[in-house]
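Just follow the structure's listing: the first ligand is 1, and inside any ligand the first atom is 1.
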Amino acid sequence: MINFKLYNNSYGEGAISFSRILERISLERSVEIIISVPATMINRLAEEISIPVFAQHVDASPLGAATGSITPELIKEAGAKGSILNHSERSMKLSELSDAINMMKVSGLESVVCVDRYELVAPVGLLKPTALLIEPPELIGTGRAISREKPEVITRAVDANRQGGKVFLLAGAGIVTGEDVYRSIELGADGAAMASAVMKSADPAKAVEGLVDGILRIREKRK
Ligand code: G3P
């Protein structure tokens, strides 16, 4: 999963051309790449790009008098397949998160719920999102990968997930190279999420090819 966040190339034409590169790599290498984009870009990207487009957050507001809310119904209508929820840059109260996950299910959307520590994996997993994304906030944007700096966070999250809800588990924060992705999956994650290594790269295609190599190496090893 590539979280576009709010960089220069996260919106407008830059986001479109960048997403085309990701679409090409995903198809050529047969690796699923999900993009999580600003709400204003969902509709255009979902119409122009074939890889899954996710939102970065949704509000758990019911239809009605809720000025400025962006809800599961709205992102679905715009073409999103799902959303990140509770990112540490957009954290949610537990009650709001639980409502949002349920509303996502009603709308037939996938939810990738972030947790900032492994102790939250089992309880949040019980809410049955599609996936959990474990990200220690102190490593986000640092280029110091969770799988190198805090491998025990991934292995403990994997154990907690096994005992808890058993949902897909992604690892993120500081991931830069294919080796970081490879290690994350070797430690038991089902996939990885990243932002700055790709969004801030002078050569995004090369950065993504490198990350995808990590997944292809695991695949080869597990044959
Ligand atoms: O959602 C993924 C993100 O928080 C990780 O950010 O910049 O450390 O890859 P980054």
inquiry  = So if I count the atoms of ligand 1 from 1 in the order they appear, which ones are less than 4.0 Å from some heavy atom of Gly141?
reply    = 7 (O), 8 (O), 10 (P)
ask   = In Å and rounded to the nearest 0.5 Å, what is the OG to CZ distance from Ser19 to Arg24?
value = 13.0 Å
task = Give the C-alpha distance, both sets of side-chain angles, the deciding distance and a yes or no for side-chain contact (heavy atoms from CB on, under 4.5 Å) between Met41 and Ser10.
result = CA-CA 8 Å; Met41 290 305 296; Ser10 301; over 6 Å; no
query = Are side-chain N/O atoms of Glu179 and Thr177 paired as donor and acceptor at under 3.5 Å?
reply = no
message = For the aromatic rings, using the six-membered ring if either is Trp, is the centroid distance between Phe18 and Phe4 under 6.0 Å?
response = yes
ask   = Can an N or O of His87 be found at a distance shorter than 3.5 Å from an N or O of ligand 1?
value = yes
request  = Would you mind checking which non-hydrogen protein atom is closest to atom 5 (C) of ligand 1, with the distance to 0.1 Å?
outcome  = Glu135 OE2, 3.5 Å
inquiry  = As a quick check of understanding, evaluate side-chain hydrogen bond (donor to acceptor under 3.5 Å, both in side chains) for Ser50 and Glu23, giving each step before the final call.
reply    = CA-CA 7 Å; Ser50 63; Glu23 177 185 47; 2.7 Å; yes
inquiry  = Under 4.0 Å, counting heavy atoms only: does Ala197 come that close to any atom of ligand 1?
reply    = no
Test item: Asn161 side-chain N/O and Val167 main-chain N/O as donor-acceptor pair under 3.5 Å = yes
key: Non-hydrogen side-chain atoms of Ser184 and Ile154 separated by less than 4.5 Å   = yes
ask   = Judging by distance only, is a nitrogen or oxygen of Ile84 under 3.5 angstrom from one on ligand 1?
value = no
Ligand 1 versus Ile140: contacting region, heavy-atom distance under 4.0 Å = both
message = What I want to know is whether Glu89 and ligand 1 share at least one N or O pair that is separated by under 3.5 angstrom.
response = no
message = Whether Arg156 and Asp159 form a salt bridge (side-chain N of Lys/Arg under 4.0 Å from carboxylate O of Asp/Glu) is what I want to check.
response = no
query = Do any nitrogen or oxygen atoms of Ala195 lie less than 3.5 angstrom from nitrogen or oxygen atoms of ligand 1?
reply = yes
ask   = Is the shortest distance from a heavy atom of Gly172 to ligand 1 less than 4.0 Å?
value = no
query = With a cut-off of 4.0 Å, which atoms of ligand 1 are near a heavy atom of Met194?
reply = 9 (O)
task = Provide, to 0.1 Å, the distance between atom 7 (O) of ligand 1 and the closest protein heavy atom, together with that atom's residue and name.
result = Ser196 OG, 2.5 Å
inquiry  = Just to confirm my output: which protein heavy-atom neighbour is closest to atom 6 (O) of ligand 1, and how far is it?
reply    = Lys5 NZ, 3.3 Å
key: Separation between CG of Leu22 and OG of Ser17, rounded to the nearest 0.5 Å   = 10.0 Å
request  = Output yes when the distance from some N or O of ligand 1 to some N or O of Gly174 is under 3.5 Å, and no in every other case.
outcome  = yes
query = Hey, does Tyr7 come in under 3.5 Å of ligand 1, counting only N/O atoms on both sides?
reply = no
